[in-house]
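What follows is a short report on a single structure.
Below, chains carry the letters A, B, ... as their sequence lines are ordered, and counting in each starts from 1. Nothing here was measured: the structure is a model prediction, and the numbers come from that model.
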Protein chains: 2
Amino acid sequence: MPRSSVSGQTGRPPVTSRAEILAAARRLIDRNGWEKLTIRGLAGELGIGATTLYHHVRDKEDLLLLLLTEYAAQLPRPELSGEPRDRIIAAGVLIHDAFAAWPWAAEVLATDGFVARIGDPALWIVEAILAGAADHGCTPAQGVLIFRNIWYYTVGEILVRARTARRHPDGDFPPAENSPFSGTGNSQLPHLTAIADQWGEIAQENTFHQGLTALVDGLLAQATA
Amino acid sequence: MPRSSVSGQTGRPPVTSRAEILAAARRLIDRNGWEKLTIRGLAGELGIGATTLYHHVRDKEDLLLLLLTEYAAQLPRPELSGEPRDRIIAAGVLIHDAFAAWPWAAEVLATDGFVARIGDPALWIVEAILAGAADHGCTPAQGVLIFRNIWYYTVGEILVRARTARRHPDGDFPPAENSPFSGTGNSQLPHLTAIADQWGEIAQENTFHQGLTALVDGLLAQATA
DNA sequence: ACCTGAACACCGTTCAAGT
DNA sequence: ACCTGAACACCGTTCAAGT
């Protein structure tokens with residue numbers, strides 16, 4: 001790790017910086033996908049020795065976390081207004097859209113403790129959901145429940161759709177792979193058989209907003225029952 | 001790949017079989033977690049050369065898929081009865097419990113096309129959800145929507161909780177890691193501050209059934225609106 | 001028919017030595 | 001202060017050669 005800047009500079013001059021490393025990492029991820037990011041490849045992109053990176057970031061996990069924190073800090077932070085229920089849904093959509101633009105973030109962050117790890121830049125959206133729940137008449141514990149459920153649902157949607165997209169990139173979805181029903185004429189499965197042909201097309205639709213609304217409305221109905 | 005058994009056996013006798021390999025893989029996963037499963041380690045467990053495995057399974061992904069198919073085929077398949085809405089929820093709980101017992105399965109299968117890949121043994125539960133939706137008055141497309149949403153929610157819950165458990169194994173949950181709020185006295189985040197101390201404990205609770213119920217009720221309300 | 005070691009093309013990370 | 005190559009301890013997979 002380099003020390004924080006002091007006036008009297010001595011010793012060998014740096015060939016790179018943490019900022020340069022993060023920018024290059026982001027470039028490579030956008031180009032090849034995050035699974036393909038390697039320390040050695042990153043050093044190659046920067047034209048430096050692979051081991052030099054370890055003077056600027058602790059390890060690969062630290063690098064990814066720095067990248068996520070940077071991304072989170074730079075996201076727009078719109079004022080949420082209107083009915084509490086609508087604010088909660090809008091907050092969920094914001095989380096979703098942020099991850100949809102950078103699906104690998106969901107892979108890295110798919111953990112309950114994510115907000116603590118990513119830090120302050122993400123807390124405001126949690127606060128927004130808790131505030132919406134409270135304004136709707138929920139107890140604090142019910143607010144936490146609502147946040148957790150939105151988080152589960154959103155992570156699941158992002159991960160499933162991201163991995164599906166990786167397998168058969170945009171547009172074509174061979175029924176045999178995308179539909180749960182590839183065989184023919186299984187009389188034990190009448191509903192599945194009936195819908196088999198259209199499954200792929202239906203599963204392609206973006207129904208996040210609709211599903212999130214159902215989840216939030218269901219949770220709020222439970223809370224105020 | 002070995003050929004299907006024929007009576008006149010010739011050549012070098014096998015030192016293992018696909019069944020033995022799958023059993024050993026399962027043992028190692030249960031012992032060390034699925035991330036630690038390596039082809040070389042598996043061969044070591046069996047006391048054979050690593051490259052021998054490639055005569056019995058195509059590659060590592062094929063091996064994992066065989067393992068999943070075996071697991072799915074062996075799961076109990078209870079009759080679901082009662083109200084359509086309750087049958088849908090019960091089906092979701094069955095999916096959840098199957099994955100909760102083997103969380104790595106969710107990692108491998110977190111893809112829209114999962115049922116096609118895992119094959120017939122998993123189709124009955126999809127049929128059960130579609131049938132419940134139809135009996136409740138949903139169109140086939142609405143049934144597919146309900147299945148997909150249950151799948152997203154369940155995958156998210158399993159993955160988030162599995163990865164969290166891996167980070168701070170059962171019991172203790174340091175607030176600094178498990179709560180979104182580690183700092184103190186941030187007046188911009190009143191609701192978060194108020195609940196910070198109890199967050200870890202609340203987030204520990206298993207609320208899957210409750211959340212799934214909210215989701216299904218919300219979706220059914222949308223469908224029949 | 002089946003098994004095997006050597007080899008290929010990779011990983012992340014450490015550390016002593018250099019500038 | 002910072003950089004570097006060599007080295008360590010791994011991966012999955014292929015393939016020619018052996019039994």
Whole angstrom value for the distance that separates [atom2] of [N] from [atom1] of [X]:
| X | N | atom1 | atom2 | value |
| --- | --- | --- | --- | --- |
| A:R40 | C:dT14 | CZ | P | 13 Å |
| A:L42 | C:dT13 | CG | C1' | 15 Å |
| B:H55 | C:dA1 | NE2 | C1' | 9 Å |
| A:D59 | D:dA9 | CG | P | 20 Å |
| A:H56 | D:dT4 | NE2 | C1' | 12 Å |
| A:I39 | D:dC8 | CD1 | C1' | 17 Å |
| B:I21 | D:dG12 | CD1 | P | 14 Å |
| B:L53 | C:dC2 | CG | C1' | 13 Å |

Sugar-phosphate, base or nothing in reach of B:T16, heavy atoms under 4.0 Å: sugar-phosphate

Secondary-structure string, 5' to 3', Watson-Crick or G-U under 3.5 Å, | for another-strand partners, for DNA chain C: ||.|||||...|||||.||

Cut-off 3.5 Å, no hydrogens considered: what does the side-chain donor-acceptor table look like for residues 92-102 of chain B, sequence neighbours left out?
{"unit_1": "B:H96", "atom_1": "NE2", "unit_2": "B:E157", "atom_2": "OE1", "d": "2.8"}
{"unit_1": "B:W102", "atom_1": "NE1", "unit_2": "B:D30", "atom_2": "OD1", "d": "3.2"}

Should [X] and [Y] count as side-chain neighbours, where that means a heavy-atom distance under 4.5 Å?
| X | Y | result |
| --- | --- | --- |
| B:Q210 | B:E205 | no |
| B:L42 | B:L63 | yes |
| A:W199 | A:L192 | yes |

Residue met sooner reading DNA chain D from 5', once B:R12 and B:L37 are mapped to nucleotides: B:L37

Same-atom distance (C1') from D:dC8 to C:dC11, integer angstrom: 12 Å

Proximity of A:Y71 and A:W104 rings by center, below 6.0 Å: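 So the answer is no for these two rings.
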
Pair A:Y153 and A:F208, ring centroids less than 6.0 Å apart: yes

Closest approach of A:A72 to A:R77 (non-hydrogen atoms, all atoms of both residues):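 Looks like O-NH2, 4.1 Å.
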
Sidechain N-carboxylate O distance under 4.0 Å for B:R31, B:E45: yes

A:R18 side chain vs A:V57 backbone, donor-acceptor pair below 3.5 Å: no

Proximity to DNA chain D (any heavy atom under 4.0 Å), residues of residues 43-52 of chain B only: B:T51

